[in-house]
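Structure first, then comments.
In what follows, every chain begins at residue 1, and chains take the letters A, B, ... in the order their sequences are listed.
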Number of protein chains: 2
Amino acid sequence: MSYVTEELAARLKAAREAKGLSQRELSALAGVPQSHISKIENNAVDLRVSSLSSIAHALDLELMLVPRKALPAVQSITRSVASAPVINAETQRELNRIRKTVDALASRASGANIENLQRRIREITQIQSQIDPEILQKIRRTIEAIESSGSNEAVNRAVENIRSLRNQLAHRAASHEKPRPPRPAYRLEEDQDG
Amino acid sequence: MSYVTEELAARLKAAREAKGLSQRELSALAGVPQSHISKIENNAVDLRVSSLSSIAHALDLELMLVPRKALPAVQSITRSVASAPVINAETQRELNRIRKTVDALASRASGANIENLQRRIREITQIQSQIDPEILQKIRRTIEAIESSGSNEAVNRAVENIRSLRNQLAHRAASHEKPRPPRPAYRLEEDQDG
DNA sequence: TCATTTGATCTACTTTGCTATATCATGTAG
DNA sequence: CTACATGATATAGCAAAGTAGATCAAATGA
């Protein structure tokens with residue numbers, strides 16, 4: 001295929017892997033057959049805008065037409081945002097296991113606290129910084145314990161557990177950051193804290 | 001069609017008109033039939049990435065996947081670049097006439113000074129600010145005069161003429177600008193002056 | 001060792017983008 | 001009024017995207 005689609009394919013694949021999704025999972029999210037996603041990532045098709053956009057959307061990416069003049073600035077920004085993809089592969093896998101466990105749990109038992117649990121997990125998944133896999137493992141054990149007990153208490157305990165971890169992560173991420181860029185003249189996202 | 005393609009279609013059409021190109025002209029540049037461009041702009045097709053990219057390229061646009069987080073910042077930048085599209089329609093048309101006249105001239109007679117002339121015209125076309133149509137009209141008359149005389153002198157006179165106009169425009173554009181944004185922390189384009 | 005997951009590949013079929021070409025109504029210039 | 005440029009449409013045909021579904025080797029997990 002062409003050079004443009006080659007870059008696109010690479011970016012899609014990278015984004016998917018960064019999110020720790022399998023082709024089949026992405027397939028479900030984007031509504032596109034796994035076989036087709038495979039072809040797309042291997043740059044074997046000249047895909048349509050609708051496909052590209054639905055896949056990109058599932059990966060929290062947005063399709064844009066940016067003026068050539070603005071390219072350097074835009075690239076600089078997207079680079080700064082896309083940085084810190086340096087997440088341990090093992091950590092990534094552990095996060096996926098957790099997510100799946102929770103999803104499985106949610107499919108059987110529902111409730112406000114379970115949704116809470118899911119939300120917390122999602123938060124952590126998005127933090128994308130170095131996390132001690134051991135801690136994650138403990139979290140997972142806790143969640144898995146819920147499946148047998150099925151008690152509300154267990155769920156709430158897990159939620160608290162995760163909430164604490166999230167705070168640890170946020171703190172660690174802040175201290176790990178570079179000594180701050182000279183002056184962040186543009187804002188990367190609207191305030192959207194809950 | 002979908003919402004995404006709708007936005008794209010609108011942006012493509014806007015970009016084309018901002019450049020003062022007809023669908024047929026763009027068709028030649030992008031290597032896509034005029035009929036197809038029409039359908040695309042009317043959001044009647046779910047076009048392929050290759051088509052989108054070739055058309056975008058012809059319009060000095062680049063296809064990009066932007067992280068959702070970076071969207072506001074990127075949009076802000078592209079907006080600031082794409083601003084000043086407020087060009088008089090009459091002026092636009094006059095600019096097109098000039099460009100065509102020069103191109104026609106170039107197709108018959110070639111030479112260093114004619115290329116110079118073309119370059120100057122291109123410069124002016126890109127300035128995209130309010131220009132007095134009367135001045136442009138004079139320029140065009142000058143260029144048209146070349147067609148009959150065919151003399152080198154006439155070409156050089158036109159080039160000087162246009163060079164002077166370009167400076168006037170640059171000056172006027174500078175004084176028309178807002179009192180400068182606080183601090184341009186990002187650079188919009190590499191230095192590429194010749 | 002055995003089961004599951006993953007990504008790649010294949011088949012068969014449908015849909016649709018894309019091309020080439022032409023026509024047409026509507027402006028707009030000369 | 002005449003001629004030309006513009007954008008929208010139409011026809012016909014080919015190529016390829018897209019779908020559903022299955023298979024398979026390799027990696028991974030239990």
Closest to the [X] side chain, choosing from [options]:
| X | options | value |
| --- | --- | --- |
| B:Ser35 | D:dA17, C:dG17, C:dT21 | C:dT21 |
| B:Val45 | C:dA20, C:dT9, C:dG17 | C:dG17 |
| A:Ser22 | C:dT6, C:dA8, D:dG18 | C:dT6 |
| B:Lys39 | C:dA8, C:dC18, C:dA22 | C:dC18 |

To the nearest Å, give me how far apart [atom1] ([X]) and [atom2] ([N]) are.
| X | N | atom1 | atom2 | result |
| --- | --- | --- | --- | --- |
| B:Gln23 | D:dT6 | CD | C1' | 8 Å |
| B:Ile40 | C:dT19 | CD1 | P | 8 Å |
| B:Glu41 | D:dG7 | CD | P | 8 Å |
| B:His36 | C:dA20 | NE2 | C1' | 13 Å |
| B:Asp46 | C:dG17 | CG | C1' | 9 Å |
| A:Asn42 | C:dC10 | CG | P | 12 Å |
| B:Leu47 | C:dT16 | CG | P | 15 Å |
| A:Arg16 | C:dG7 | CZ | C1' | 8 Å |

Sorted by position of nearest nucleotide on DNA chain D, 5' first, the leading residue of B:Gln34 and B:Arg48 is B:Gln34
I want to check something: taking the side chain as every heavy atom from C-beta on, are A:Asp60 and A:Lys19 in contact at a cut-off of under 4.5 Å?
yes
Report yes if some heavy atom in the side chain of B:Leu59 is under 4.5 Å from a heavy atom in the side chain of B:Leu21; otherwise report no.
yes
For DNA chain C, whose closest nucleotide is more 5', that of B:Arg24 or that of B:Gly31?
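It is B:Gly31 whose nearest nucleotide is closer to the 5' end.
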Looking only at non-hydrogen atoms, find the nearest pair between A:Val32 and A:Ser27 and report the distance.
O-OG, 2.5 Å
A:Ser51 side chain N/O closer than 4.0 Å to the phosphate oxygens (OP1, OP2) of D:dA17?
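Checking A:Ser51 against D:dA17: no side-chain N or O falls below 4.0 Å of OP1 or OP2.
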When rounded to the nearest 0.5 Å, the distance separating CZ of A:Arg48 from OG of B:Ser51 is 10.0 Å
Between B:Val66 and B:Gln75, does a side-chain contact (heavy atoms from CB on, under 4.5 Å) hold up when you go through it step by step?
CA-CA 10 Å; B:Val66 172; B:Gln75 285 174 333; over 6 Å; no
